[in-house]
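Here is the structure we will look at, set down as structure tokens.
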Amino acid sequence: MSPTRVAGADTVLDRLQGGLLGVAVGDALGATLEFAPPQPADALHTEISGGGVFGWIPGAPTDDTDLTMAVAEAYAAGFSLEGVADRFLAWYQAGPKDVGGTTAAALNGYAQGRDPRSSGRTGERSAANGSLMRTMPVALARGDTSERRREAAAVSAITHAEPRCVQACVVYCDLADALVRGIPVAMALAEARETSGLLPAVADVLATAPHLDIGHLDTSGYVLGTLGVAVWAISQPRAFEDVLIAVVNRGGDADTTGAVAGGLLGARDGLSAIPSRWLGALTTRARLDQLATSLA
């Protein structure tokens, strides 16, 4: 069992809120550059301005934040796996602008069978980051290690049951929980690497990503590439704003790399470290604040 969240309660709450709001800020900042090439150093994207290939309203949630809020709402209502899956399906059936192929296929299957334990895709080509991007609320709601790992795996497998996806979500939630509790990044990564049954590919990400040159970050949408971006981000001894700007300006799947990295950076640095102009731009700010309180 992990240590309880007791010392410095106000600081812990700040980091917990930072974890959830960091996802939304990273998503909104990166949405402009989704599918874009890396941006030149003299023309970096630094503001939540919307647009991009889907013509986002500035500060509006993409699928990353929408599904993160769906998980958070399921916890606020009293967690059940069916409650999570039903919220995913309602979102999908409402016709979102952007939805990943693996998520769409799994939710179509869930609509037919209504079994969240068998709906997830397991194929080699299903190792995308669509469950990793929404898993932060599990970490924020569950301080007990075994319970958190079990639920992170199950929530991932509603759509992404491929082992790398499942384990990436478990490891991400372990890291987020450790950072919220104030564990130093290096120690949190070391603890994660000692997880029993860790896939070699996941262990390699945890060991090597902190030392990558930014030009070698994988922003393709591959789940372990995205996990690596987030691990790289929290390993940088720079402020939340500087690191998140660096991440989204790599382009590619920028909304999701921004969301996943932003969540861990927020858990590391706290809500108070997120620029107020970014928080103020979020169209779902009030809802996110309420959900963060519920998770806490």
Side-chain angles (χ1 to χ4, degrees), residues 18-39 43-69 96-100 128-137 168-169 172 175-176 179 209 212 214-215 217-236 238-269 271 273-275 277-285 288:
L20 188 63
L21 274 295
V23 171
V25 162
D27 177 29
L29 184 67
T32 307
L33 297 178
E34 187 178 8
F35 306 131
Q39 301 301 292
L44 294 179
H45 171 66
T46 63
E47 304 304 325
I48 293 177
S49 56
V53 295
F54 291 101
W56 297 107
I57 294 169
T62 79
D63 54 335
D64 302 72
T65 301
D66 277 340
L67 292 175
T68 298
M69 290 191 294
K97 281 186 180 184
D98 187 16
V99 56
N129 57 18
S131 61
L132 183 62
M133 70 189 193
R134 65 180 193 233
T135 199
M136 178 59 76
C169 289
Y172 182 88
L175 291 173
L179 294 172
L212 289 176
I214 189 171
L217 297 180
D218 179 357
T219 61
S220 66
Y222 170 48
V223 64
L224 296 188
T226 304
L227 178 63
V229 172
V231 169
W232 176 89
I234 58 173
S235 301
Q236 306 309 303
R238 289 185 281 156
F240 180 102
E241 179 176 1
D242 293 341
V243 180
L244 194 58
I245 286 172
V247 165
V248 301
N249 277 278
R250 296 306 302 161
D253 197 9
D255 58 328
T256 301
T257 54
V260 175
L264 283 193
L265 286 167
R268 183 192 75 175
D269 297 345
L271 181 65
I274 302 178
R277 70 185 191 281
W278 288 353
L279 292 169
L282 297 176
T283 63
T284 54
R285 173 69 193 277
L288 287 160

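All values derive from a computational prediction rather than experimental measurement.
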Exercise for the section: Taking side chain to side chain donor-acceptor pair (under 3.5 Å) as the test, write out the residues that go with D63, two or more places apart. Expected result: none
Practice task
State which residues pass side chain to side chain donor-acceptor pair (under 3.5 Å) with E47; sequence neighbours excluded, sorted by chain then number.
Solution key: R277
Handout entry: Full working for side chain to side chain contact (heavy atoms under 4.5 Å, CB included) between N129 and V260
Key = CA-CA 9 Å; N129 57 18; V260 175; 5.8 Å; no
Practice task
State the OG1-CG distance between T68 and L21, to the nearest 0.5 angstrom.
Solution key: 11.5 Å
Handout entry: Backbone N/O of I234 and side chain of R268: donor-acceptor pair under 3.5 Å
Key = yes
Handout entry: R238: partners by salt bridge (charged side-chain N to carboxylate O under 4.0 Å, His left out), with sequence neighbours left out
Key = none
Practice task
Kindly write out the residues that satisfy ring pair (Phe, Tyr, Trp, His ring centres under 6.0 Å) with W56, not counting sequence neighbours, or none if the list is empty.
Solution key: F54
Exercise for the section: Mind checking side chain to side chain donor-acceptor pair (under 3.5 Å) for S220 and listing every partner two or more places apart, or none if nothing turns up? Expected result: D218
Exercise for the section: Give the minimum heavy-atom separation between P58 and S49, together with the two atoms involved. Expected result: CG-O, 3.4 Å
Handout entry: Reported OG1-to-CE distance for the pair T65 and M133, which is rounded to 0.5 angstrom
Key = 9.0 Å
Problem - Under 3.5 Å donor-acceptor, E34 side chain and G30 backbone - result: no
Handout entry: Side chains of L288 and L20 in contact at under 4.5 Å (non-hydrogen atoms)
Key = yes
Handout entry: For N249, all residues meeting side chain to side chain contact (heavy atoms under 4.5 Å, CB included), sequence neighbours excluded
Key = L33, Q39, L44, H45, I245
Completion exercise
When rounded to the nearest 0.5 Å, the distance separating CG of L175 from CG of L264 is 6.0 Å
Exercise for the section: For T135, enumerate each residue passing the side chain to side chain contact (heavy atoms under 4.5 Å, CB included) test, keeping only those at least two apart in sequence or located in another chain. Expected result: L132, V138, A152, C169, Y172, C173
Completion exercise
In this structure, CG of L29 is separated from CG of L282 (nearest 0.5 Å) by 10.5 Å
Handout entry: Heavy-atom pair with the smallest gap, counting every atom of G221 and D253
Key = CA-OD2, 3.7 Å
Completion exercise
Across all chains, not counting sequence neighbours, the side chain to side chain contact (heavy atoms under 4.5 Å, CB included) partners of S235 are V185, L189, P210, V231
Problem - Smallest separation among heavy atoms of G59 and I48, with atom names - result: N-CG2, 3.3 Å
Handout entry: A128 to V223 - nearest heavy-atom pair and separation
Key = O-CB, 3.3 Å
Handout entry: Sidechain-backbone polar pair: T32 side chain, G52 backbone, donor-acceptor under 3.5 Å
Key = no
Exercise for the section: Output the distance between atom CZ (F240) and atom CG (L265), rounded to the nearest 0.5 Å. Expected result: 5.5 Å
Fill in the blank from the handout: For T62, the side chain to side chain donor-acceptor pair (under 3.5 Å) test, sequence neighbours excluded, returns D27, D64, D255
Completion exercise
d(T226 OG1, L217 CG) to nearest 0.5 Å is 10.5 Å
Problem - Which atom of G55 lies closest to which atom of K97, heavy atoms considered - result: O-NZ, 3.2 Å
Problem - Student check: side-chain heavy atoms of W232 and I214 closer than 4.5 Å - result: yes
Completion exercise
Residues M136 and A176: closest non-hydrogen pair is SD-CB, 3.8 Å
Handout entry: Results of side chain to side chain contact (heavy atoms under 4.5 Å, CB included) for P38 - residues two or more places apart only
Key = R250
